[in-house]
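Scroll down for the structure; my scribbles are underneath it.
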Amino acid sequence: MSFMRTNSGISNLHLFYNADLTVYTEGGINSYSISEVELGKYNKSSVDIKFWSGVFKAHNLSKKVHFRAVGSKTSAQVIIDKVLSGEIRNTVVACDRDLDHYLGLMKVSPYVIYTKGYSWENDVFGEDITRLQIDSMILEHELPIKVLDLIKDCYTSFFVIGKFIAKAELLFRLNGLSFISCINAERLFKASSPAKLNKQEVICIYRQKAKEIKRPFFSTVKISGLCPYMNNYGKLIKALAVNLINFICRKFSGHRNFPLLLIESTMIERFCKKIASVRDEYYFNLVHNLNSTN
């Protein structure tokens with residue numbers, strides 16, 4: 001597809017798929033550079049596509065779309081810049097919000113859309129959807145009280161240390177570094193209690209990373225109101241939910257670990273059914289703005 005080399009080629013790409021818009025997302029097996037994306041390389045499937053497709057359907061997107069997952073947020077950012085400058089048209093970029101709204105990096109355009117939380121995982125792996133997922137996997141009329149209490153306890157105990165992590169991550173980012181967003185999230189959970197954060201490990205990592213920050217340590221934004229569920233590294237929230245799901249299912253039903261992709265897919269579907277029945281104003285407005293474009 002040599003025509004992809006030009007901005008005109010990207011702008012007209014949707015026509016080859018009988019679509020109104022081409023939607024680029026993050027995610028997928030492969031991560032492509034912008035030059036590879038311009039050559040027409042992309043992932044046909046990804047959990048990001050599953051998520052955004054569900055959000056669009058839940059709020060009745062009237063336009064036909066063709067999805068392409070490029071893996072790399074760096075490549076997505078280049079496409080965003082071209083969309084905002086008017087170099088390319090008929091193109092939407094859907095990406096994780098990350099901490100961009102705190103760092104002043106979010107772009108304003110109906111063609112540039114962000115997840116409500118740090119990433120789609122923060123939206124999907126909340127306590128309510130996790131509870132529904134466990135309920136569907138435990139073959140009893142109702143979830144036992146001890147299971148409900150365990151779910152509540154794990155999410156409640158996450159709040160305090162999770163808030164510390166979220167604040168620390170933002171402070172590190174403001175100083176040009178990262179805290180735990182480059183670390184395997186599983187490392188932060190106790191082996192003996194899979195859905196409980198290991199506070200000692202978190203503090204140890206913090207002390208090591210803090211040595212890299214130049215003094216004085218400063219913040220230019222207000223961080224007191226950070227929600228630890230919506231503003232933490234998405235894979236940390238996913239690890240909390242998935243560890244809890246597998247732990248409870250092993251203990252109360254005898255099931256072994258379930259494939260991660262299956263859990264992700266079914267929980268995305270549960271989330272999208274939820275926002276279809278009880279309108280989520282944030283995502284409703286994103287879709288409404290897209291529907292209103294020419």
Worksheet item: Regarding Asn291 and Lys63, is there a side-chain donor-to-acceptor distance under 3.5 Å anywhere?
Response: no
Item to complete: Please name all residues satisfying side-chain contact (heavy atoms from CB on, under 4.5 Å) with Thr91, sequence neighbours left out, ordered by chain then number.
Response: Ile10, Tyr24, Ile79, Val83, Ile88
Fill in: Under the ring pair (Phe, Tyr, Trp, His ring centres under 6.0 Å) test, residues paired with Phe258 that sit two or more places apart
His255
Practice prompt. Any pair with a residue in residues 172-181 that passes salt bridge (charged side-chain N to carboxylate O under 4.0 Å, His left out), sequence neighbours left out, goes on the list, sorted by first then second residue, please.
Written response: Asp98-Arg173, Glu169-Arg173
Worksheet item: What pairs with Asn30 under side-chain hydrogen bond (donor to acceptor under 3.5 Å, both in side chains), at least two apart in sequence or on another chain?
Response: Tyr32
Discussion item. Less than 4.5 Å apart, side chain to side chain, heavy atoms only: is that true for Thr25 and Val93?
Written reply: no
Worksheet item: Charged N to carboxylate O below 4.0 Å: is that the case for Lys196 and Asp153?
Response: yes
Worksheet item: Take atom NZ in Lys235; do more than 12 heavy atoms of anything else shown fall under 6.0 Å from it?
Response: no
Fill in: Partners meeting side-chain hydrogen bond (donor to acceptor under 3.5 Å, both in side chains) with Asn289 (sequence neighbours left out)
none
Worksheet, complete the sentence: By side-chain contact (heavy atoms from CB on, under 4.5 Å), Cys272 pairs with (sequence neighbours left out) Ile268
Worksheet item: Is the NE2 atom of His288 crowded by more than 12 outside heavy atoms at less than 6.0 Å?
Response: no
Item to complete: Identify, with sequence neighbours excluded, every residue that meets side-chain contact (heavy atoms from CB on, under 4.5 Å) alongside Cys204.
Response: Gln208
Worksheet item: Is there a donor in the side chain of Glu186 and an acceptor in the side chain of Asn243, or the other way round, less than 3.5 Å apart?
Response: yes
Discussion item. Test salt bridge (Lys or Arg N to Asp or Glu O under 4.0 Å) on Asp100 and Lys73; report intermediate values, then the result.
Written reply: CA-CA 12 Å; Asp100 289 357; Lys73 189 171 184 179; 3.2 Å; yes
Worksheet item: Does a side-chain heavy-atom distance below 4.5 Å link Arg68 with Leu13?
Response: yes
Worksheet item: Which pairs count as ring pair (Phe, Tyr, Trp, His ring centres under 6.0 Å) when at least one residue sits in residues 130-155, sequence neighbours excluded?
Response: none
Response to the item:
Here the pair of heavy atoms bringing Gly117 nearest to Asp123 is N-OD1, 3.4 Å
Practice prompt. Taking the six-membered ring of Tyr114 (Phe, Tyr or Trp), confirm whether the NZ or CZ of Arg97 is under 6.0 Å from its centre and within 45° of its axis.
Written response: no
Ignoring hydrogens and angles, write down the donor-acceptor pairs under 3.5 Å from the side chains of residues 45-57, residues two or more places apart or on other chains.
| unit_1 | atom_1 | unit_2 | atom_2 | d |
| --- | --- | --- | --- | --- |
| Ser46 | OG | Asp48 | N | 3.3 |
| Ser46 | OG | Ile49 | N | 3.1 |
| Lys50 | NZ | Glu269 | OE2 | 2.8 |

Worksheet item: What residues, two or more places apart in sequence or in another chain, satisfy side-chain hydrogen bond (donor to acceptor under 3.5 Å, both in side chains) together with Lys251?
Response: none
Discussion item. Test salt bridge (Lys or Arg N to Asp or Glu O under 4.0 Å) on Lys274 and Asp128; report intermediate values, then the result.
Written reply: CA-CA 10 Å; Lys274 174 187 174 182; Asp128 56 342; 2.3 Å; yes
Discussion item. Taking ring pair (Phe, Tyr, Trp, His ring centres under 6.0 Å) as the definition, give me every residue that meets it alongside Phe164, ordered by chain and number, with sequence neighbours left out.
Written reply: Tyr206
Worksheet item: How about Ile29: does its CD1 atom have over 12 heavy atoms from other parts shown lying under 6.0 Å from it?
Response: no
Worksheet item: By side-chain hydrogen bond (donor to acceptor under 3.5 Å, both in side chains), which residues pair with Asn90, not counting sequence neighbours?
Response: none
